Amino acid sequence: MEALRTRGVDARLEAWDDPRVAWDWAPLTIIRSTWNYTEHLDAFLAWLRAVGVVTTLCNPADVVLWNHHKQYLVELADAGLAVVPTTLVRPGEEVPALGGDVVIKPAVSVGAIGTQRIKEDRNAAVAHLSTLLERGAALVQPYCADIEHGGERSLVYLDGTLSHTIRKRPAAGDFRVHEHFGGTNDAVDVTSTDRALAEGALAHIADRFGAEPLLYGRVDIVDGPGGPALSELELIEPYLYLRDAPDPAAAEARVVDAIERR
């Protein structure tokens, strides 16, 4: 906010669910940390559709609507991208075979809420999946053991250009890389394989929704049995790890530059 003000940009921080806000006051509205949206999903999706009409929304409403449900992972895999193998289960559908070491998570979630790793226990897997299906669709994925050692890489793109890459490692004995579960972060150099995978995913978005680069996007990649695989494509409200970038001030400036261009 301060960086925007120093550029002469009138910026205000507002809550998406505050009914007093007149969203047409500004030509540009940027989604940043709407991390409670999964608790009020219908209201959030209605807000997206309404706000996207009266102001330029970043990222655009149609992109956010597509990205809010993790069925997009199946679409990306069908498009030929390397994605962590994902089975989408909808309420009322037959429960798939649940053997081995699996991760089961809600199809709409943030911060690993509702995500569980279940090892070689079909009854426990069925029970957790059934609980999630009471609220909506869920995903079943094989557990990628390499995350315990190699972590997960987050490639942060600003205005269509790679800004920085962060490696996130889980705490000992855990697989969740989030800081609130004890995960740690450090900046790393991007590999050509990770970059090609990330930019393939963003190219799919450009083909689907238009060639205009997104203001921001984060591509999360893990090492699976077949090599690097996309685990998440975060286009709604991703944490951008600006403070963890090799040059935090430069990363922040890239965000402000992208906003100014719009």
Side-chain angles (χ1 to χ4, degrees), residues 27-32 34 37-38 41 44-88 90 105 107-110 137 139 141 144 152-166 190-224 226-241 251 254-255 257-262:
L28 184 64
T29 297
I30 300 168
I31 303 172
R32 283 309 308 125
T34 54
Y37 79 84
T38 59
L41 185 60
F44 180 70
L45 299 183
W47 175 83
L48 281 175
R49 294 183 178 98
V51 173
V53 173
V54 300
T55 179
T56 297
L57 192 63
C58 291
N59 283 326
D62 55 353
V63 173
V64 175
L65 288 165
W66 176 84
N67 191 230
H68 90 275
H69 195 291
K70 290 183 174 56
Q71 64 186 0
Y72 71 78
L73 291 171
V74 177
E75 179 180 321
L76 293 174
D78 289 344
L81 293 164
V83 175
V84 173
T86 299
T87 299
L88 175 67
R90 297 180 176 87
K105 63 181 70 173
V108 179
S109 66
V110 294
L139 306 182
Q141 299 173 321
C144 296
E152 179 180 67
R153 282 93 63 197
S154 285
L155 282 66
V156 176
Y157 283 81
L158 302 173
D159 217 8
T161 300
L162 180 64
S163 171
H164 51 278
T165 302
I166 301 298
V190 66
T191 67
S192 58
T193 304
D194 281 1
R195 186 165 192 161
L197 177 55
E199 294 180 2
L202 294 176
H204 180 84
I205 298 302
D207 290 342
R208 203 180 196 283
F209 296 104
E212 178 71 19
L214 298 175
L215 176 61
Y216 54 82
R218 199 186 82 207
V219 186
D220 293 342
I221 296 174
V222 298
D223 290 323
L230 188 147
S231 57
E232 299 277 358
L233 180 58
E234 300 280 7
L235 306 178
I236 302 177
E237 28 56 74
Y239 189 64
L240 296 176
Y241 298 98
R254 285 192 283 273
V255 176
D257 290 343
I259 292 170
E260 279 200 306
R261 280 193 289 273
R262 284 162 172 74

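Everything numeric here is computed off the predicted structure, so don't read it as measured data.
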Side chain to side chain donor-acceptor pair (under 3.5 Å) assessment of Arg254 paired with Ser163: CA-CA 8 Å; Arg254 285 192 283 273; Ser163 171; 3.0 Å; yes

Step by step, would you call Asp220 with Leu230 a side chain to side chain contact (heavy atoms under 4.5 Å, CB included)? CA-CA 6 Å; Asp220 293 342; Leu230 188 147; over 6 Å; no

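- Applying the salt bridge (charged side-chain N to carboxylate O under 4.0 Å, His left out) rule to Arg32 yields no partners; only residues at least two apart in sequence or on another chain are considered.
- Inspection of the Thr87 and Gln141 side chains reveals no N or O donor paired with an N or O acceptor under 3.5 Å.
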Stepwise side chain to side chain contact (heavy atoms under 4.5 Å, CB included) test for Arg153 and Asp223: CA-CA 9 Å; Arg153 282 93 63 197; Asp223 290 323; 3.0 Å; yes

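- Distance check: Ile30 CD1 to Arg262 CZ gives 8.5 Å after rounding to the nearest 0.5 Å.
- By the 4.5 Å heavy-atom criterion applied to side chains, Leu235 and Leu233 are counted as neighbours.
- Tyr157 contributes atom OH, which lies 3.5 Å from atom CD of Glu199 (distance to the nearest 0.5 angstrom).
- In this structure, Lys70 and Leu88 have side chains that are not in contact, with every pair of non-hydrogen atoms separated by 4.5 Å or more.
- Under the side-chain contact (heavy atoms from CB on, under 4.5 Å) rule, Val64 has a single partner from Leu48, Leu45, Thr34, which is Leu48.
- In this structure the side chain of Arg261 reaches within 4.5 angstrom of the side chain of Asp159, judged on heavy atoms.
- At least one side-chain heavy atom of Tyr72 sits less than 4.5 Å from a side-chain heavy atom of Asn67.
- Counting heavy atoms from C-beta on, the side chains of Leu162 and Arg195 come closer than 4.5 Å.
- Contact of the Leu155 side chain with the Arg218 side chain is not registered, since no non-hydrogen atoms from C-beta on lie closer than 4.5 Å.
- A distance of 10.0 Å separates CG of Leu81 from CD of Glu75, quoted to the nearest 0.5 Å.
- Rounded to the nearest 0.5 angstrom, Ser154 OG and Tyr239 OH are separated by 11.0 Å.
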Test Tyr216 against Leu240 for side chain to side chain contact (heavy atoms under 4.5 Å, CB included), laying out the working first. CA-CA 8 Å; Tyr216 54 82; Leu240 296 176; 4.3 Å; yes

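- Residues Leu214 and Phe209 fail the side-chain proximity criterion, which asks for heavy atoms closer than 4.5 Å.
- When each of Leu215, Val51, Leu57 is paired with Ile31, the side-chain contact (heavy atoms from CB on, under 4.5 Å) condition holds for Leu57 and for no other.
- In terms of modelled atom types and a separation under 3.5 Å, the side chain of Thr193 and the main chain of Thr191 share no donor-acceptor contact.
- Leu158 is listed as a side-chain neighbour of Val156, based on a closest heavy-atom distance under 4.5 Å.
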Thr29 and Thr56: CA distance, side-chain angles, deciding distance, side chain to side chain contact (heavy atoms under 4.5 Å, CB included) verdict: CA-CA 6 Å; Thr29 297; Thr56 297; over 6 Å; no

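- To the nearest 0.5 Å, atoms NE2 (His68) and CD1 (Ile236) are separated by 7.5 Å.
- In this structure, the separation between NE2 on His69 and CG on Leu41 is 9.0 Å, given to the nearest 0.5 Å.
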